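First the structure, in the form of structure tokens, and then the observations on it.
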Amino acid sequence: MSDSLVYLNGALTPISEAKIPVLDRGFIFGDGIYEVIPVYARKMFRSDQHLARLFRSLAAIGITNPHNKEEWLTLIDQVMSAHEADDQMVYIQVTRGVAKRAHAFPQEATPTVFIMTNPIVLPTAKAREQGVACVSMEDKRWLRCEIKSISLLGNVLAAQNAAENGVTETIQFRDDYLTEASSSNVWIVKNGILMGPPTDNLILEGIRYGLIQELCAAHKIPFEARRITRQEVFSADEVMLSSATKEVLAVVQIDDQTIGKGVPGPIYQQLFKAYQEAKAV
Ligand code: PDD
């Protein structure tokens, strides 16, 4: 691991020297939120939307935003500039801070602010060309999945399930309805219509969610947000994932079933191209 510079509570320090107290509520309770922002050619992609979601996450769990937008942009820029890679993924985490261990919010605590960046790891050329396999699982997470919380045990177990099965993602269903994958949103295509689950408390609204809606509108691809059954996923013409690091990625197999023709489909191809164009602006 390279000893890159990270930002922690007011200072830039090498990651090997960045330390937090054991009573940090992030460590004790998973009491915090995070954000992952892709960076291309040293420029954040969709930074306004990512910062707006960071602010929503803080508000959702009652942490006073420690910085205004300008300050956040300056802090992120410092970390980004210190890294040698042009294409990065910036990770931001804010916890409720350090306090004596008691579940309810402490009277006084200063939020812990951590920012790091790493070279972005995008899907391989093979994954792009051939699509990827996934497995399915019942969604056993809590009912506030719209918050980008650092309490990610349910997501960790779903990701581990994918890893143990040698596939890219675990696609989750709650009561027979599609929710999302361990760290990405899931989309299906049927008869030329791109569909995704509604943005309610059962999924994290990815920054790519709004982007995909915009790309669909621009390319005249009909879009519907609605509840999607397990059966509809398995019989879809196309399935795809989206996230900051997967961008859009075709799924050609779930469990032991082939999706569509077993190759990345035409709507995926169109969205992938449109995504690359949006990035380059
Ligand atoms: N994950 N759903 C979940 C549960 C996620 O963790 C993510 C992102 C998404 C997609 O959101 P976005 O389009 O904003 O990346 C959906 C990030 C990349 C992560 O945890 O590393």
Side-chain angles (χ1 to χ4, degrees), residues 26 30 32-40 44-58 60 76 87-95 114-123 127 132 134 136-163 168-174 177-188 194 196-216 225 228 239-249 251 271-272 274-276 278-279:
I33 54 87
Y34 76 108
E35 196 52 54
V36 177
I37 312 177
V39 173
Y40 301 107
M44 279 188 277
F45 184 50
R46 309 286 280 191
S47 60
D48 284 353
Q49 291 84 343
H50 278 283
L51 285 182
R53 185 172 64 183
L54 176 73
F55 295 1
R56 285 201 304 278
S57 301
L58 288 168
I76 297 166
D87 295 344
Q88 308 174 15
M89 52 184 173
V90 170
Y91 177 88
I92 303 170
Q93 175 171 323
V94 184
T95 76
F114 173 58
I115 308 172
M116 69 174 165
T117 191
N118 283 290
I120 194 166
V121 180
L122 295 171
V132 298
C134 293
S136 70
M137 194 168 106
E138 178 67 19
D139 193 337
K140 303 218 182 82
R141 298 172 304 157
W142 73 331
L143 293 171
R144 298 297 308 276
C145 295
E146 83 280 13
I147 302 172
K148 203 160 172 60
S149 159
I150 60 166
S151 300
L152 285 173
L153 191 51
N155 306 61
V156 166
L157 295 178
Q160 181 59 17
N161 177 56
T168 300
E169 260 289 22
T170 293
I171 294 178
Q172 301 174 102
F173 295 88
R174 195 185 284 277
Y177 287 101
L178 172 66
T179 55
E180 60 184 341
S182 77
S183 60
S184 39
N185 289 120
V186 182
W187 308 90
I188 72 164
L194 186 96
T199 52
D200 56 16
N201 61 312
L202 301 181
I203 67 165
L204 179 80
E205 180 177 346
I207 298 308
R208 268 120 294 276
Y209 197 109
L211 176 60
I212 284 171
Q213 279 178 301
E214 283 174 29
L215 297 179
C216 281
I228 297 164
V239 173
M240 58 193 105
L241 305 171
S242 71
S243 80
T245 49
K246 292 187 182 70
E247 301 184 335
V248 286
L249 185 61
V251 175
L271 284 175
F272 175 72
Y275 195 107
Q276 300 311 311
K279 259 164 70 169

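As the structure lists them, so they are numbered: ligands from 1, and atoms in each ligand from 1. Nothing here was measured: the structure is a model prediction, and the numbers come from that model.
For Ile203 against Pro197, the heavy-atom pair with the smallest separation is CD1-O, 4.0 Å. Of all the heavy atoms in Lys246 and Ser183, the pair that sits closest is NZ-OG, 3.8 Å.
For the residue pair Ser184/Glu169, the side-chain donor-acceptor check at 3.5 Å is satisfied.
The N/O atoms of Ile207, backbone and side chain alike, include one that comes under 3.5 Å of an N/O atom in ligand 1.
Near Ser182, with a cut-off below 4.0 Å to any heavy atom, the atoms of ligand 1 are 4 (C). Below 4.0 Å from some heavy atom of Asn155 lie the following atoms of ligand 1, by number and element: 4 (C). Numbered from 1 in the order shown, with element, the atoms of ligand 1 that lie under 4.0 Å from a heavy atom of Ala244 read 12 (P), 13 (O), 15 (O). Within ligand 1, counting atoms from 1 as listed, the ones closer than 4.0 Å to a heavy atom of Gly206 are 10 (C), 11 (O), 12 (P), 13 (O), 14 (O).
The aromatic rings of Phe45 and Tyr40 stand perpendicular to each other, their planes meeting at an angle above 60°, with 30° marking the opposite boundary.
In this structure, atom 17 (C) of ligand 1 lies nearest to the protein heavy atom Lys148 NZ, 3.6 Å. Atom 21 (O) of ligand 1 has as its closest protein heavy atom Val36 CG2, 3.7 Å. From the protein, the heavy atom lying nearest to atom 6 (O) of ligand 1 is Ser183 CA, 3.4 Å.
Formation of a donor-acceptor pair under 3.5 Å by the Gln172 side chain with backbone atoms of Glu180 is found in this model.
Between Trp187 and Leu271, the closest side-chain pair of non-hydrogen atoms is not below 4.5 Å. Between Met240 and Phe272 there is no side-chain heavy-atom pair separated by less than 4.5 Å.
The environment of OH in Tyr177 is sparse: at most 12 heavy-atom neighbours from other residues, nucleotides or ligands sit within 6.0 Å.
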Hey, mind stepping through Phe114 and Tyr34 against side-chain contact (heavy atoms from CB on, under 4.5 Å) and telling me if it holds? CA-CA 9 Å; Phe114 173 58; Tyr34 76 108; over 6 Å; no

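Ranked by closest heavy atom to atom 4 (C) of ligand 1, the top entry among Glu180, His50, Arg208, Arg53 is Glu180. In this comparison of Thr245, Val248, Asn185, Thr179, the heavy atom closest to atom 16 (C) of ligand 1 sits on Asn185.
At a heavy-atom distance under 4.0 Å, only side-chain atoms of Tyr34, from C-beta outward, approach ligand 1. The residue Ile203 has no part lying near ligand 1, judged by heavy-atom distances below 4.0 Å.
Note on ligand 1: Tyr91 sits outside its first shell, no heavy atom being nearer than 4.0 Å. Contact between Cys145 and ligand 1 is absent, with no heavy atom of the residue lying under 4.0 Å from the ligand.
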